[in-house]
Structures are given as C-alpha cells and as structure tokens.
Protein chains: 2
Amino acid sequence: MLNRLDPTQSSAIRFDGSEIAIPRLFAYHRVLDAALACGKSVITSHGIAGLLGHAITSTQIRKDLSALGPLGSRGQGYAIKPLVEQLALVLGLDRDWRIAIVGFGYLGHAFATFIAAREERFKVAAILERSPALIGQVWQNTPVRHINDLENVLSAAGCNIGVIAVPAAEAQSVAERLVAQGVRALLNFAPTSLHLRGPVLVRNIDLAGELSILTHRLAFNESSSAGYTV
Amino acid sequence: MLNRLDPTQSSAIRFDGSEIAIPRLFAYHRVLDAALACGKSVITSHGIAGLLGHAITSTQIRKDLSALGPLGSRGQGYAIKPLVEQLALVLGLDRDWRIAIVGFGYLGHAFATFIAAREERFKVAAILERSPALIGQVWQNTPVRHINDLENVLSAAGCNIGVIAVPAAEAQSVAERLVAQGVRALLNFAPTSLHLRGPVLVRNIDLAGELSILTHRLAFNESSSAGYTV
DNA sequence: AAATGTGAAGAGGTTCACAGCG
DNA sequence: CGCTGTGAACCTCTTCACATTT
C-alpha cells in the first residue's frame with residue numbers, strides 16, 4: 001500500500017523523454033491496463049519488464065517513466081492506476097480520435113478491423129475508396145464513399161488522423177487533399193516519401209522493408225549465432 | 001559513361017553496415033530498379049536522394065552504399081545496374097522466399113495481397129487459419145488450411161518465413177510451432193513479445209504503437225512548429 | 001532492505017569535412 | 001572540377017552505478 005499523500009492530484013501533463021520512447025510507453029500502458037483489470041494495484045519496474053516478456057530492461061522502464069514525473073515510491077514501486085492515467089494523458093489516449101481511411105482494399109480493411117478491435121478511443125469516421133465495387137458498402141456504420149468525395153466527406157466527418165492505404169502513385173495526392181481538409185497526422189502505408197507543407201505529422205510503415213530485414217539476414221547471416229529478436 | 005574496367009565481375013557479397021541500414025538499402029533498390037527500367041544507367045548519390053524525395057541525405061546514401069564495396073566512380077557517380085544487382089544480393093532479393101501466413105483475417109489477407117503485388121520473389125506458400133468459414137478457400141492457388149494441420153502443411157510447403165497475424169493469445173504457440181518446422185524468420189503483427197530458443201529472427205510490427213506516436217504528438221505537441229515527417 | 005530516479009559512461013548512428021580519384 | 005569514400009566530430013539513446021527515499 002502506497003501511503004504517499006497526493007492531495008492536489010495535479011494531473012499536469014509532463015513528458016521530458018524523446019519520441020522514440022512513445023511506443024514503449026504505449027506498451028507499458030497496455031500491460032498495466034491489463035494488470036489493473038486483474039486487480040493488481042502496485043508494481044515494480046522489474047514487474048513491468050516481466051509483463052513485457054523482458055523485452056525491455058527495468059532500467060529502461062524507470063528512465064521512461066521518470067520522464068512523466070515522480071510517479072513511483074522508492075522501495076515500493078509504482079501505483080498502477082495513476083500510472084495508467086498519466087500514460088493515457090501523455091499518449092493522447094484520453095480522448096477520441098477520428099480516423100479517415102483512404103483506400104479500403106485488404107490493407108485499409110485490415111487496419112480498420114485491427115484498430116476497431118483494439119482501442120475504443122480510435123473511431124473510424126470516414127472510409128474512402130476508388131473501386132466502384134466497394135462504394136456504398138457500409139463497414140460498422142461507416143459508409144464507403146468515393147475518393148472523389150473526399151473533401152465533402154472529410155468536412156462532415158472532422159477527422160484528426162488519416163490512413164493512406166492506396167497505391168504509391170496516388171499517395172501524394174491523397175495526402176495533400178487530407179491535409180487541405182485539416183488532417184494533421186498521417187499514417188502512410190504506401191512506399192513513397194510524402195512531401196507536405198504545414199504542421200503535419202507523417203509516419204511511414206514500410207511492410208516490404210520489414211520483410212527485407214528478414215531476407216537480408218537469412219541470406220547473409222545464415223551461419224549466425226543464436227536466437228535473434230530484433 | 002563509366003570507363004572503369006570491371007574484368008572479374010567478382011560478385012562477392014559484402015556488407016559492413018549495420019542492420020538499421022537495411023530498410024534504406026531496400027528503398028534504394030526500389031527506386032534504382034525503377035530508374036533502370038526508365039533507361040537510366042548512371043546516377044549520383046544526390047540523384048538517388050532526389051528519387052527518394054530527399055527523405056535521406058546524399059551523405060547517408062554514400063555511407064550506406066560504401067558498405068557494399070567500392071561501387072561508385074569518383075567524379076561520375078554509380079553505374080545503376082551493378083548497384084541494383086549488389087543490393088539484391090545483400091538484401092536476399094536474388095532468390096525466392098516461401099512465406100507461411102498464419103491467421104488469414106483481414107490482416108493476413110492484406111499482407112498476402114500486398115506482397116504478392118509487390119515482389120515476385122516473395123511466394124505465399126502456405127496459409128493457416130482457425131475460422132472454419134475460411135478453411136478450404138483458395139487464395140491465388142494456395143489453399144487455406146486449418147491451423148491444426150500446421151505441421152503437415154509446413155513440412156510439405158518448406159517455408160523460410162512465417163507471418164503471424166493471429167490474436168496475441170495465440171501468437172507464442174504459433175511461433176513455437178513454426179520454429180519447430182524449421183522456419184527461421186518471423187514477422188509478428190501480434191502485440192506480444194515472442195520468446196523463442198534457437199536461431200530465429202523475429203521482427204515485430206506494432207500498428208497500434210505507430211498510431212500512438214501520432215496521437216501523442218497531436219495531443220501534446222499541438223502548438224508545434226512546422227511540418228514533421230517522422 | 002528494496003526499489004526509484006538520475007548523472008555519467010558507453011554504444012551506436014548520423015553528419016561534417018575533406019582527402020582521394022576519375 | 002565533381003563526386004565518392006571515410007575518419008572524426010557530433011548527437012542520441014541505452015546501460016551502468018549509485019545516491020536517495022520509503
């Protein structure tokens with residue numbers, strides 16, 4: 001039981017760390033949320049490492065968490081509830097996010113299904129496609145609209161995040177149109193580097209590139225040593 | 001015209017760089033292959049940077065390429081053809097890769113479609129699923145088989161790479177069974193850290209984690225400066 | 001005694017500046 | 001003169017060691 005008094009509950013959002021820590025914080029949030037649901041209330045940095053299968057060291061975890069403020073108690077560990085709350089604030093998981101998916105082939109569809117299953121705060125608010133066969137279909141209450149109507153759909157849907165799951169040749173144009181409609185963050189699955197002006201955040205996911213890391217090491221490092229987990 | 005004589009054509013595979021360079025080499029291969037198809041035969045490091053939308057600096061490109069050996073000519077640039085060939089060798093793109101996809105929901109399906117469309121050297125050689133509705137279907141000549149038959153299917157199909165697109169709870173078990181069948185590289189879409197013994201390469205793709213980077217910056221860095229491309 | 005929080009050391013990758021060739 | 005190739009400087013992230021607190 002942590003008996004450190006916390007009168008103010010000053011939920012000031014603080015984060016001194018760097019961008020690269022964010023996916024780790026997200027992983028902590030995931031396992032800690034689960035631990036909370038299991039009835040646990042206190043945990044140590046080593047305990048968190050255990051929940052993560054020791055993929056991250058306890059030192060790294062303490063460094064990351066200390067960037068959020070003094071949330072732990074020396075000799076005791078961390079109270080999980082305030083930790084989860086603080087992580088949610090820093091990660092922006094305390095609010096709804098409206099997502100526009102452009103390109104509703106298997107990749108767009110997969111992404112929609114994936115995030116809808118995972119986090120309730122991520123809402124698929126608009127779906128755009130070019131293929132006539134898909135237009136008019138309804139995916140979980142969201143209609144699939146033609147990509148030509150992007151401006152109309154977006155201005156009505158008010159999305160914060162755009163997911164680009166169209167062929168590389170269309171990606172730049174789609175990105176520009178999304179940004180023109182006020183979208184400030186893009187997740188890009190097309191193997192192209194987008195060129196955009198303004199306060200836009202772009203995150204590229206290169207699936208084929210990930211595969212190439214595997215093929216490289218299989219081809220090159222065939223006579224490698226032991227189990228590698230990159 | 002490069003008039004450096006190249007009598008031996010000694011295609012010795014060499015790569016002094018580090019793992020982190022591989023996705024960049026893959027990007028070089030992609031744009032250089034396209035440039036070759038357009039009839040270009042020579043290019044400078046700055047030219048490659050241009051093809052990549054200046055997402056990578058010319059210095060970085062020269063560093064990366066120099067890890068493959070002395071492929072350029074000072075004052076001239078790089079002959080594209082040998083460059084593409086050397087990149088293909090180092091990336092392992094000179095041979096076929098047989099891929100087993102476990103979990104053929106939208107994600108597995110998306111991945112299959114994605115890589116089949118992109119690189120002919122990646123062959124989907126086995127598809128495993130749990131859902132009875134999908135068993136027996138045939139995707140581009142590859143039948144969807146029940147996950148219980150994994151051992152039989154894999155021993156017949158002889159796959160080098162496994163793609164894990166099942167729920168997190170099943171991922172560890174699937175991974176172990178793939179490894180037991182001789183698969184030496186895994187691409188894991190499940191948000192779990194896999195624990196495996198032996199010479200296995202694991203690459204994790206955390207789609208929700210990528211989203212969290214966007215939500216973090218939107219929530220936190222709202223009053224940020226200019227266009228960011230992470 | 002136990003576990004956090006953190007300055008310092010270490011490791012790894014990128015950028016710089018320029019020597020070396022064509 | 002132009003462009004590659006590369007040692008050195010620089011920067012960033014991780015790991016170590018330990019002072020600090022409960």
Side-chain angles (χ1 to χ4, degrees), chain A residues 1-6 14-25 27-28 32 35 40-52 54-80 82-83 86-87 213 228-230, chain B residues 1-6 14-25 27-28 32 40-52 54-80 82-83 86-87 209 213 228-230:
Chain A
M1 185 68 78
L2 296 183
N3 47 7
R4 184 165 55 91
L5 59 145
D6 232 348
R14 175 191 143 189
F15 179 61
D16 297 340
S18 60
E19 187 103 346
I20 202 170
I22 297 296
R24 289 197 300 265
L25 295 184
Y28 307 157
L32 290 172
K40 290 209 62 169
S41 65
V42 177
I43 197 166
T44 67
S45 58
H46 190 74
I48 299 174
L51 295 177
L52 293 164
H54 297 280
I56 304 179
T57 66
S58 58
T59 303
Q60 179 77 76
I61 292 169
R62 288 201 300 282
K63 252 295 202 264
D64 288 341
L65 294 183
S66 73
L68 308 180
L71 289 163
S73 294
R74 302 183 191 222
Q76 321 293 133
Y78 300 88
I80 299 181
L83 198 49
Q86 199 62 225
L87 283 168
I213 294 179
Y228 246 108
T229 303
V230 183
Chain B
M1 185 67 78
L2 296 182
N3 46 9
R4 183 164 55 91
L5 59 145
D6 232 349
R14 175 191 143 188
F15 179 61
D16 297 339
S18 59
E19 187 103 345
I20 201 171
I22 298 296
R24 288 197 300 264
L25 295 184
Y28 307 156
L32 290 171
K40 290 208 64 169
S41 64
V42 177
I43 197 167
T44 67
S45 59
H46 190 75
I48 299 174
L51 295 178
L52 293 165
H54 296 280
I56 304 179
T57 66
S58 58
T59 302
Q60 179 77 75
I61 292 169
R62 287 200 302 280
K63 254 286 203 275
D64 287 342
L65 294 183
S66 73
L68 308 181
L71 289 163
S73 295
R74 303 184 192 219
Q76 323 292 133
Y78 300 87
I80 299 180
L83 198 49
Q86 199 61 226
L87 283 168
I213 294 180
Y228 246 108
T229 301
V230 184

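A note on names: the letters A, B, ... follow the listed sequences, proteins ahead of strands, and every chain is numbered from 1.
- In plain terms, the two heavy atoms of B:Phe15 and B:Leu25 that are nearest each other are CE1-CD1, 3.6 Å.
- Closest heavy-atom contact between A:Ile43 and A:Leu32: CG2-CD2, 3.9 Å.
- With sequence neighbours left out, A:Arg74 forms a side-chain contact (heavy atoms from CB on, under 4.5 Å) with no residue at all.
- For the residue pair B:Arg14 and B:Pro70, the shortest heavy atom distance occurs at NH1-CD, 3.9 Å.
- Side-chain nitrogen and oxygen atoms of A:Ser18 include none within less than 4.0 Å of the OP1 or OP2 phosphate oxygen of D:dT12.
- A:Leu25 places its CG atom 13 Å from the P atom of D:dC13, with the value rounded to the nearest Å.
- Regarding A:Tyr28, its OH atom lies at a distance of 12 Å from the P atom of C:dT4, rounded to whole Å.
- Computed from coordinates, the A:Leu68 CG to C:dT4 C1' distance equals 14 Å when rounded to whole Å.
- Atom pair B:Ile61:CD1 and C:dT15:P shows a separation of 11 Å (rounding to whole Å applied).
- In this entry the distance linking CD1 of A:Ile20 with C1' of C:dT14 reads 13 Å, nearest Å.
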What donor-acceptor contacts under 3.5 angstrom involve side-chain atoms of residues 54-64 of chain A, with partners at least two apart or in another chain?
unit_1: A:Thr57; atom_1: OG1; unit_2: A:Gln60; atom_2: N; d: 3.1
unit_1: A:Gln60; atom_1: NE2; unit_2: A:Asp64; atom_2: OD1; d: 3.3
unit_1: A:Arg62; atom_1: NH1; unit_2: A:Ser45; atom_2: OG; d: 3.2
unit_1: A:Asp64; atom_1: OD1; unit_2: A:Arg24; atom_2: NH2; d: 3.1
unit_1: A:Asp64; atom_1: OD2; unit_2: A:Arg24; atom_2: NE; d: 2.7
unit_1: A:Asp64; atom_1: OD2; unit_2: A:Tyr28; atom_2: OH; d: 2.7

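- Across every non-hydrogen atom of A:Gln76 and A:Thr44, the tightest pair is O-CG2, 3.8 Å.
- Residue-level contact check: A:Ser58 touches neither bases nor backbone, having no heavy atom under 4.0 Å from any strand.
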Classify every nucleotide of nucleotides 2-10 of chain D by which part a protein heavy atom approaches to under 4.0 Å, writing B for the base, S for the sugar-phosphate alone and - for neither, in 5'-to-3' order.
BBBBBBB--
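- Atom pair B:Ile56:CD1 and C:dG13:P shows a separation of 15 Å (rounding to whole Å applied).
- Residue A:Gln60 contributes atom CD, which lies 16 Å from atom P of D:dT12 at whole-angstrom precision.
- Atom CD of B:Glu19 and atom P of C:dG13 are 9 Å apart (whole Å).
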